[in-house]
Amino acid sequence: MNRKPIFTIIAVLIVIGIYSYDFFIEQKAKSDLIKDGQTVKALTNTFFLPTSTTGQVIHHQNYSLSYNEPYEQAEWVAYELKASHLSSTNRKRPYFEIDEAIKTGAAHWKNYKKSGYDKGHLCPAGDRRFTKAAHDETFLTSNISPQEHQFNAGVWNRLEQKVRYWAKKNDGVFVVTGGILNEDLKTIGEEEVAVPNQFYKVILDHTNGKTKMIAFLMNHENSNLPLYKFVVSVDTLEALTGIDFFPELEDRIENQLEASASYKSWSF
DNA sequence: CTGAGACTC
DNA sequence: GAGTCTCAG
């Protein structure tokens, strides 16, 4: 009878041990996930990542972003869209989740509820349908910006579809996108998520060793104008955002390409 | 494709 | 909050 407390203590220790082990495995899996994302970018696509004006760059498995805390959204989201990524698989839309990777705290989706604005994807769900995990990963609140529905479902949607067309045609493109974040923007919700007045997108293609790029700047309103009307130089966007979009590109090529607002080598 | 919102449980 | 359904451009 007097041995009973010993057994109890041993049993408790075993239970604690099991929970600790589970916790350890879970943490290990999480750190591997983050490390993998960084490794992938380091080994392959580093050159296409823009600079960050905030110092908070997050690498997810299928896109990277730079979070701008005061505006409660990403200043840019960057990803590669390969032809093989394009999928017609219909996937169920999950619920938006707070991106736990944002150390300063990503906005809650409730800020958007009944705000009159869409939770507009920056990395589109339609570009990440190749797996459920990739699709779900776009439903993080670090990957959205308040967008008028007419804009999101209209001219912005048209541009996103054009990017898919180029990805298919050129066997892959790099995409950088976001809202123009500057002072005195309207905000929504308790966390005061800023509503950009303009949105931009930069597309880089390096098919067959030739590098070309094209950039778009759109006012935050729907339009029926053809997409080429919104073409600007990357230099224009860099002046507006303070972001250096392709710092790893050879300077001579970078300077030449970024100064151009020509779209003659892109088919619409 | 891009989404919101109402309704039930 | 989760799941299902309807609706709009």
Side-chain angles (χ1 to χ4, degrees), chain A residues 62-63 65 72-74 76-100 105-170 172-173 175-180 186-191 193-203 216-230 266-268:
Chain A
N62 291 290
Y63 63 90
L65 66 93
E72 287 294 0
Q73 63 196 277
W76 54 254
V77 169
Y79 61 100
E80 183 176 15
L81 182 59
K82 298 180 183 176
S84 62
H85 287 151
L86 299 171
S87 162
S88 55
T89 307
N90 252 321
R91 298 196 181 277
K92 188 176 159 188
R93 293 170 69 92
Y95 296 100
F96 278 92
E97 289 182 15
I98 295 172
D99 186 348
E100 298 297 341
H108 196 284
W109 57 264
K110 281 185 178 174
N111 291 289
Y112 291 73
K113 193 171 186 184
K114 296 204 170 180
S115 68
Y117 292 92
D118 280 7
K119 295 187 284 290
H121 279 86
L122 294 175
C123 176
D127 285 2
R128 307 278 87 160
R129 293 197 298 179
F130 43 93
T131 63
K132 180 180 185 298
H135 186 253
D136 286 356
E137 196 176 51
T138 69
F139 285 77
L140 294 172
T141 57
S142 54
N143 184 42
I144 56 175
S145 179
Q147 291 184 329
E148 287 181 16
H149 183 68
Q150 298 292 341
F151 172 79
N152 189 21
V155 65
W156 190 247
N157 189 23
R158 272 201 290 139
L159 179 55
E160 290 176 339
Q161 291 181 38
K162 190 64 71 182
V163 172
R164 282 175 207 128
Y165 164 75
W166 285 326
K168 189 175 182 179
K169 186 184 174 68
N170 301 336
V173 292
V175 186
V176 184
T177 193
I180 303 289
K186 179 186 172 179
T187 66
I188 57 170
E190 285 186 9
E191 291 179 280
V193 179
V195 182
N197 291 321
Q198 293 171 298
F199 288 90
Y200 71 87
K201 207 177 276 287
V202 186
I203 318 296
F216 297 85
L217 178 65
M218 293 180 165
N219 286 335
H220 189 180
E221 62 189 9
N222 194 21
S223 170
N224 291 320
L225 291 174
L227 292 172
Y228 61 79
K229 294 282 189 186
F230 299 96
W266 295 81
S267 58
F268 287 77

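Here is the naming used below: chain letters follow the sequence lines, and residue numbers restart at 1 for every chain.
- Comparing A:Tyr112 and A:Ala125 by the nucleotide of DNA chain B that holds the closest heavy atom to each, the one mapping nearer the 5' end is A:Ala125.
- What separates CZ of A:Phe96 from P of B:dA4 is a distance of 7 Å, to the nearest Å.
- Which of B:dA6, B:dG3, C:dG9 sits closest to the side chain of A:Lys114 comes down to B:dA6.
- Nucleic acid contact for A:Asn157: base, since at least one base atom lies under 4.0 Å from a heavy atom of the residue.
- With respect to A:Lys168, the side chain to side chain contact (heavy atoms under 4.5 Å, CB included) criterion is satisfied by exactly one of A:Val173, A:Leu81, A:Leu86: A:Leu86.
- Heavy atoms of A:Lys113 sit nowhere under 4.0 angstrom from any nucleic acid atom.
- The aromatic rings of A:Phe151 and A:His220 sit perpendicular, their planes meeting at an angle over 60°, well past the 30° parallel limit.
- Residue side chain A:Tyr95 reaches the base of C:dG3 through a donor-acceptor N/O pair under 3.5 Å, judged by distance alone.
- Taking the six-membered ring for Trp, A:His85 and A:Tyr79 have ring centres at least 6.0 Å apart.
- Atom CG in A:Asn224 sits roughly 11 Å away from atom C1' in C:dG9 (whole-Å rounding).
- Geometric assessment of A:Lys162 against the ring of A:Tyr165 yields a positive cation-pi assignment under the 6.0 Å and 45° thresholds.
- Nearest-nucleotide assignment on DNA chain C puts the 5′-proximal partner with A:Lys110, out of A:Lys110 and A:Lys92.
- When rounded to the nearest whole Å, the span between CH2 of A:Trp109 and C1' of C:dG1 equals 8 Å.
- Within the structure, every side-chain polar atom (N or O) of A:Arg93 is placed at least 4.0 Å from both OP1 and OP2 of C:dT4.
- As a whole-Å value, the separation of A:His149 NE2 from B:dG5 C1' is 12 Å.
- As rounded to whole Å, 18 Å separates atom P of C:dG9 from atom CZ of A:Phe151.
- Distance CG (A:Asn90) to C1' (B:dG3): 14 Å, rounded to an integer number of Å.
- Using a 4.0 Å heavy-atom distance criterion, A:Gly126 is classed as a sugar-phosphate-only contact.
- Atom CZ in A:Arg158 sits roughly 12 Å away from atom C1' in C:dG9 (whole-Å rounding).
- Classification of the A:Trp156-A:Phe199 ring pair by plane angle, with boundaries at 30° and 60°, yields tilted.
- For the pair A:Lys119 and B:dG3, the criterion of a side-chain N or O lying under 4.0 Å from OP1 or OP2 is not met.
- Among the atoms of the strands shown, only primed sugar atoms or phosphate atoms (P, OP1, OP2) are found under 4.0 Å from some heavy atom of A:Glu160.
- Between the CG atom of A:Asn143 and the C1' atom of B:dT2 there is a distance of 14 Å, rounded to whole Å.
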